[in-house]
**Q** 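Have a look at this one.
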Amino acid sequence: MVYYEDIAYRKEKISVIGLGYVGMPIAVAFSRVADVIGFDISKEKVQQYINGVDVTKEVGDNAIKETTALFTWDEEFLRDAKFHIVAVPTPINSDKTPDLKPVTEASKTVGRNLTKGSVVVFESTVYPGVTEDICVPILEKESGLICGVDFKVGYSPERINPGDKIHRLETIVKVVSGMDEETLDLIARVYEMIIEAGVHRAESIKVAEASKVIENSQRDINIAFMNELSIVFNKMGIDTKSVLEAAGTKWNFLNFTPGLVGGHCIGIDPYYFVYRAEDLGYHSQIILSGRRINDEMGKYVAENTIKKLIKNGKQVKGANVAIFGITFKENCPDSRNTKVIDIINELEDYGVNIIVVDPVADKDEVFKEYNIELHRKNEINNADAIIFAVPHEEFLDISLENLKEMYRKDKTPVGTSGIELNAITDSYENNNLVLIDIKGIFNRKTAENSNFSYWRL
């Protein structure tokens, strides 16, 4: 088996399979202390990296330009590495069951290029048992080698928080595991080369797999509780954020807030755990309840937007609604599995016209995934309602006065003729401006005193 010294002294190389928001930071970090091969099946993505462009926005263009890592879409380069890290996504199917195709295909790719003495570490989030029961047989079949004899495996769950510049790869404790003590020690020592916060040695691969999948399940359940509270407080006429601020003064009150739950982790990982539990004959009670609540929040926001439009005398069909933010979380370019699309789809069912503003999102990806063209905020000037769905830093400087300029400036119903419009002076007086502020970017009282019809979770 490859030795730690082989990697530390650059006698053997590390490969990273999957160069997304998880794989790219790993490749860049390891390239500072070892020789690295970064592989991805997307030629377009790899070419961007070769050109010095960080499409993930996790490490920055300068880091991409300065890294010594070799980026390639040619899998044969993997044969030059002895320490392989698989960091591909693990999505779900339309029926909420695990879609293991990315990780099984990556296993086939690694297997075809696996050499004796290698170690393969999986970082993709999976349910307990996937590494040993599904991935290992694929590696053996494709390589013709025997696990435990010709190569070893381990698991180290990714903990990267996309868009977070404080909690980074290097500053988060890394859970590591290996199929035996020798493999565990090697994997731990290799990751310690880049992880400043240190590593935690899990007692088995299954323990490490389980630790990751319940981390996000726990967070999902807590956010679902906040969302349920928001729904009830809304019926009571109580502001949820104010309640949480008051409750948060107690030292042991958990700091969670309501919101949309999308992305590749929190909104997906619980289904992996539930799938395995049901396979063993146990039907989840708490986890699935939390998932149902969170999956319905986009629709809930849309319904309250419609209510606000009606309450303020706006005609729903043909109304213009501007949505600020479409990515699955703030300051992250990734829009895949965003729950903002649930708001959009629901509003469009009512005949509402949608215009989306997001300076952070990947425009090409948004168009490819949702057939939506992104706009600049200065193009918004005729809105009947504005929804702040994602609190990007670039949105925090928008003032309420700036916002007023983006609304329809007449008090006539949607569909009034141009002749009638010309006869009406542009005025906001007595005209309630519908503002849906999902995460509470603006001050509620200030907004209401400024003639906004304000609503938030």
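Excluded from the calculations below are hydrogen atoms, water molecules and symmetry mates; all remaining heavy atoms, backbone and side chain alike, are included.
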**Q** Supply the atom-to-atom distance Glu158 CD to Ile172 CD1, rounded to the nearest 0.5 angstrom.
**A**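 So the gap between those two atoms works out to 9.0 Å.
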**Q** Ion pair present between Glu215 and Arg159, side-chain N to carboxylate O less than 4.0 angstrom?
**A**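 Looking at Glu215 and Arg159, the cut-off is met.
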**Q** Taking C-beta and beyond as the side chain, do Tyr49 and Leu19 meet within less than 4.5 Å on heavy atoms?
**A** yes
**Q** So does Tyr191 get a backbone contact from the side chain of Lys174, meaning a donor-acceptor N/O pair under 3.5 Å?
**A**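 Absent.
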**Q** Could you point out which residue of Val126, Val130, Val176 forms a side chain to side chain contact (heavy atoms under 4.5 Å, CB included) with Tyr155?
**A** Val126
**Q** Mind telling me whether Tyr275 and Tyr127 have parallel, tilted or perpendicular rings, with 30° and 60° as the class edges?
**A**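 Geometry flag for Tyr275 against Tyr127: tilted rings.
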**Q** Quick one: do the Thr171 and Arg168 side chains pair a donor with an acceptor below 3.5 Å?
**A** no
**Q** Holding to side chain to side chain contact (heavy atoms under 4.5 Å, CB included), I want the full list of residues that pass it with Ser94, two or more places apart in sequence or in another chain.
**A**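 Side chain to side chain contact (heavy atoms under 4.5 Å, CB included) check on Ser94 returns nothing, list empty.
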**Q** Run the salt-bridge test on Asp295 and Lys96 with the 4.0 Å N-O cut-off and return the result as yes or no.
**A** yes
**Q** Please name all residues satisfying side chain to side chain contact (heavy atoms under 4.5 Å, CB included) with Ala224, sequence neighbours left out, ordered by chain then number.
**A** Ile293, Asn294
**Q** Does Lys57 form a salt bridge (charged side-chain N to carboxylate O under 4.0 Å, His left out) with Asp362? I'd like the steps, not just the answer.
**A** CA-CA 10 Å; Lys57 296 187 179 180; Asp362 184 320; over 6 Å; no
**Q** For Gln285, what residues pass the side chain to side chain contact (heavy atoms under 4.5 Å, CB included) criterion, not counting sequence neighbours?
**A**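 With sequence neighbours excluded, Gln285 shows a side chain to side chain contact (heavy atoms under 4.5 Å, CB included) to Tyr282, His283, given in chain and number order.
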**Q** Per the side chain to side chain contact (heavy atoms under 4.5 Å, CB included) rule, which among Ile41, Asn113, Val110, Ile17 passes with Glu75?
**A** Asn113
**Q** When you measure from the side chain of Asn381 to the backbone N and O of Tyr407, does any donor-acceptor pair fall under 3.5 Å?
**A**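 No, because the side chain of Asn381 does not come within donor-acceptor range (under 3.5 Å) of the backbone of Tyr407.
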**Q** Please verify the inter-ring angle class for Phe388 with Phe395; under 30° counts as parallel, over 60° as perpendicular, anything in between as tilted.
**A**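 The arrangement is perpendicular - the two ring planes meet at more than 60°.
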**Q** Kindly compute the distance separating CG (Asn312) from CZ (Phe452), expressed to the nearest 0.5 Å.
**A**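 So the CG of Asn312 and the CZ of Phe452 are separated by 12.0 Å.
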**Q** So does Glu365 pair up with Lys368, basic N to acidic O under 4.0 Å?
**A**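 Here Glu365 does not pair with Lys368 in a salt bridge, since their nearest N and O are not under 4.0 Å apart.
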**Q** Using 0.5 Å steps for rounding, measure from the CG atom of Asp364 to the CD atom of Glu369.
**A**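 Between Asp364 CG and Glu369 CD, I get 12.0 Å after rounding to 0.5 Å.
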**Q** Between atom OH of Tyr454 and atom CG of Leu433, what is the distance when rounded to the nearest 0.5 Å?
**A** 14.0 Å
